[in-house]
Amino acid sequence: MRAIRRAVRALVLLLAVIVFFYWQNFSIQTEEVAVASPALPRAFNGLRIAEIADLHGRQFGTDSAGLLHAVENAAPDLICIDGDLFDENTDLSMLTPLLRGLVSIAPTFYVTGNHEFQVARRNEIFAHMEQVGVRVLRNEYTLLTRGASSVVIAGVDDPCGAYDRKMPDELVAEIRAEVGQDAYILMLAHRNDTLSMWAELGVQLVLTGHCHGGVVRLPFVGGVFGTEQQLFPAYDAGLFREGETALYVSRGMGYSRVHLRLFNRPHLPVLILRCGET
């Protein structure tokens with residue numbers, strides 16, 4: 001009888017561990033984060049932005065139905081994809097149903113990560129994304145307008161891009177010259193460790209990923225592994241500020257080299273823009 005009880009306890013423990021790891025790796029965590037700025041035009045107070053980062057070609061359900069359901073439930077006004085949407089190992093057939101689903105929910109914007117530049121067909125894929133309705137921002141910007149007010153949505157290529165690409169300081173200078181010195185800039189980028197650069201350029205909000213939340217997260221400590229193989233990286237996840245600049249780092253949704261997420265569920269941040277002081 002004792003042997004049976006021990007076997008039952010062991011089976012229950014094993015099932016609990018399996019359920020826990022499944023939940024950690026396959027259930028999407030939606031998180032709302034308010035980001036205030038005195039530069040935000042009042043017409044955009046309450047703007048909701050769903051951020052997708054570091055998907056690496058993962059599908060949550062058939063044709064990404066699980067991810068699309070989570071995004072739709074978040075009720076975003078914009079969807080921003082901050083790089084590593086696909087990589088050199090991705091079954092690229094997953095992109096079309098996902099992207100068509102996203103653009104049917106809200107206007108969708110995309111910038112490259114480092115892994116896209118390892119895909120030979122990337123320019124063909126970028127063109128297809130535009131055809132589907134995604135706005136691909138490669139060192140360029142567009143305006144989002146509400147009434148007489150507007151904000152700038154800009155995006156920069158990952159540093160793995162062309163050596164002669166337009167640099168971030170050149171893009172911001174172009175925006176300030178063409179839109180105005182007081183323009184509110186929402187910058188999409190991939191790299192997470194660039195806060196000081198964007199603060200020096202006066203960009204109000206930057207959305208990034210790249211770090212995968214540190215892959216494994218320890219309670220009260222944060223992410224364990226950085227992108228440069230360092231331990232306990234400084235910009236692992238969440239909201240960071242320097243002056244009037246806010247940088248938000250998504251924990252991402254997919255895998256790169258390590259197919260494991262621990263205390264680090266796939267992350268769907270929803271940023272809510274607010275007028276006023278930080």
Side-chain angles (χ1 to χ4, degrees), residues 25-26 28 50-68 70-71 78-142 153-168 170-171 187-192 194 206-212 215 227-228 249-261 266-268:
N25 286 270
F26 293 94
I28 296 172
E51 180 184 4
I52 297 172
D54 299 291
L55 189 64
H56 286 273
R58 281 193 75 183
Q59 295 189 67
F60 291 84
T62 303
D63 289 340
S64 301
L67 174 53
L68 292 171
V71 173
L78 304 176
I79 300 166
C80 295
I81 305 173
D82 296 320
D84 286 359
L85 173 65
F86 57 93
D87 61 27
E88 60 275 22
N89 299 312
T90 296
D91 176 0
L92 296 172
S93 66
M94 58 81 59
L95 287 175
T96 298
L98 170 62
L99 297 175
R100 283 180 174 162
L102 291 175
V103 299
S104 73
I105 296 169
T108 302
F109 303 85
Y110 163 84
V111 294
T112 59
N114 53 304
H115 278 270
E116 282 91 340
F117 288 100
Q118 299 181 41
V119 178
R121 295 175 51 203
R122 59 184 176 274
N123 289 331
E124 177 185 335
I125 296 165
F126 298 152
H128 177 68
M129 292 172 69
E130 289 274 8
Q131 291 170 0
V132 169
V134 176
R135 182 70 165 89
V136 176
L137 294 169
R138 303 197 62 190
N139 311 304
E140 55 192 327
Y141 74 93
T142 186
I153 303 176
V156 291
D157 266 354
D158 184 82
C160 287
Y163 76 94
D164 58 348
R165 68 189 182 281
K166 187 183 298 179
M167 293 291 109
E170 296 174 306
L171 175 60
M187 182 67 68
L188 310 186
H190 183 62
R191 303 285 174 142
N192 59 311
T194 53
V206 187
L207 303 186
T208 71
H210 189 52
C211 192
H212 293 221
V215 182
T227 56
E228 303 299 327
V249 184
S250 169
R251 300 197 318 269
M253 308 195 79
Y255 306 118
S256 182
R257 297 179 181 87
V258 179
H259 282 232
L260 171 72
R261 302 179 70 95
H267 192 207
L268 179 65

Closest heavy-atom pair and its distance - [X], [Y]:
{"X": "Leu68", "Y": "Asp63", "value": "CD1-O, 3.8 Å"}
{"X": "Leu171", "Y": "Gly155", "value": "CD2-O, 3.7 Å"}
{"X": "Phe26", "Y": "Phe60", "value": "O-CD2, 3.7 Å"}
{"X": "Thr208", "Y": "Glu51", "value": "O-OE2, 2.8 Å"}
{"X": "Ala189", "Y": "Val206", "value": "CB-CG1, 4.2 Å"}
{"X": "Arg251", "Y": "His267", "value": "N-ND1, 3.0 Å"}

One pair to check against side-chain contact (heavy atoms from CB on, under 4.5 Å): Val71 and Ile52. What are the steps and the verdict?
CA-CA 9 Å; Val71 173; Ile52 297 172; 4.2 Å; yes

Do [X] and [Y] touch side chain to side chain, with heavy atoms closer than 4.5 Å?
{"X": "Pro159", "Y": "Arg165", "answer": "yes"}
{"X": "Leu85", "Y": "Glu116", "answer": "yes"}
{"X": "Val111", "Y": "Ile81", "answer": "no"}
{"X": "Leu67", "Y": "Leu55", "answer": "yes"}
{"X": "Leu78", "Y": "Ile153", "answer": "yes"}
{"X": "Arg191", "Y": "Thr194", "answer": "yes"}
{"X": "Ile79", "Y": "Phe109", "answer": "no"}
{"X": "Met187", "Y": "Leu207", "answer": "no"}

State whether the side chain of [X] and the backbone N or O of [Y] hold a donor-acceptor pair below 3.5 Å, judged by distance alone.
{"X": "Arg122", "Y": "His115", "answer": "no"}
{"X": "Glu130", "Y": "Ala127", "answer": "no"}
{"X": "Arg58", "Y": "Met253", "answer": "yes"}
{"X": "Asp82", "Y": "Gly209", "answer": "no"}
{"X": "Ser250", "Y": "Gly252", "answer": "yes"}

Distance check, rounded to the nearest 0.5 Å: [X] atom [atom1] versus [Y] atom [atom2]?
{"X": "Phe86", "Y": "Leu95", "atom1": "CZ", "atom2": "CG", "value": "6.5 Å"}
{"X": "Ile105", "Y": "Arg100", "atom1": "CD1", "atom2": "CZ", "value": "15.0 Å"}
{"X": "Leu99", "Y": "Ser64", "atom1": "CG", "atom2": "OG", "value": "8.5 Å"}

Polar side chain donor-acceptor pair, Asp87 to His56, under 3.5 angstrom:
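Side chains of Asp87 and His56: pair found under 3.5 Å.
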
Under a 3.5 Å threshold, yes or no: a donor from one side chain and an acceptor from the other, between Thr96 and His128?
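A donor-acceptor contact under 3.5 Å links the two side chains.
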
Is the shortest distance from a Lys or Arg side-chain nitrogen in Arg138 or Asp157 to a carboxylate oxygen in the other one below 4.0 Å?
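Looking at Asp157 together with Arg138, the answer is yes, because their closest N to O distance falls below 4.0 Å.
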
Assess whether side-chain contact (heavy atoms from CB on, under 4.5 Å) is satisfied between Glu140 and Leu137, documenting all intermediate values.
CA-CA 5 Å; Glu140 55 192 327; Leu137 294 169; 4.0 Å; yes

Go through the steps for Asp54 and His190 under the test side-chain contact (heavy atoms from CB on, under 4.5 Å), then give the verdict.
CA-CA 9 Å; Asp54 299 291; His190 183 62; 3.1 Å; yes

Yes or no on side-chain contact (heavy atoms from CB on, under 4.5 Å) for Phe117 and Thr112, after CA distance, side-chain angles and deciding distance?
CA-CA 8 Å; Phe117 288 100; Thr112 59; 3.4 Å; yes

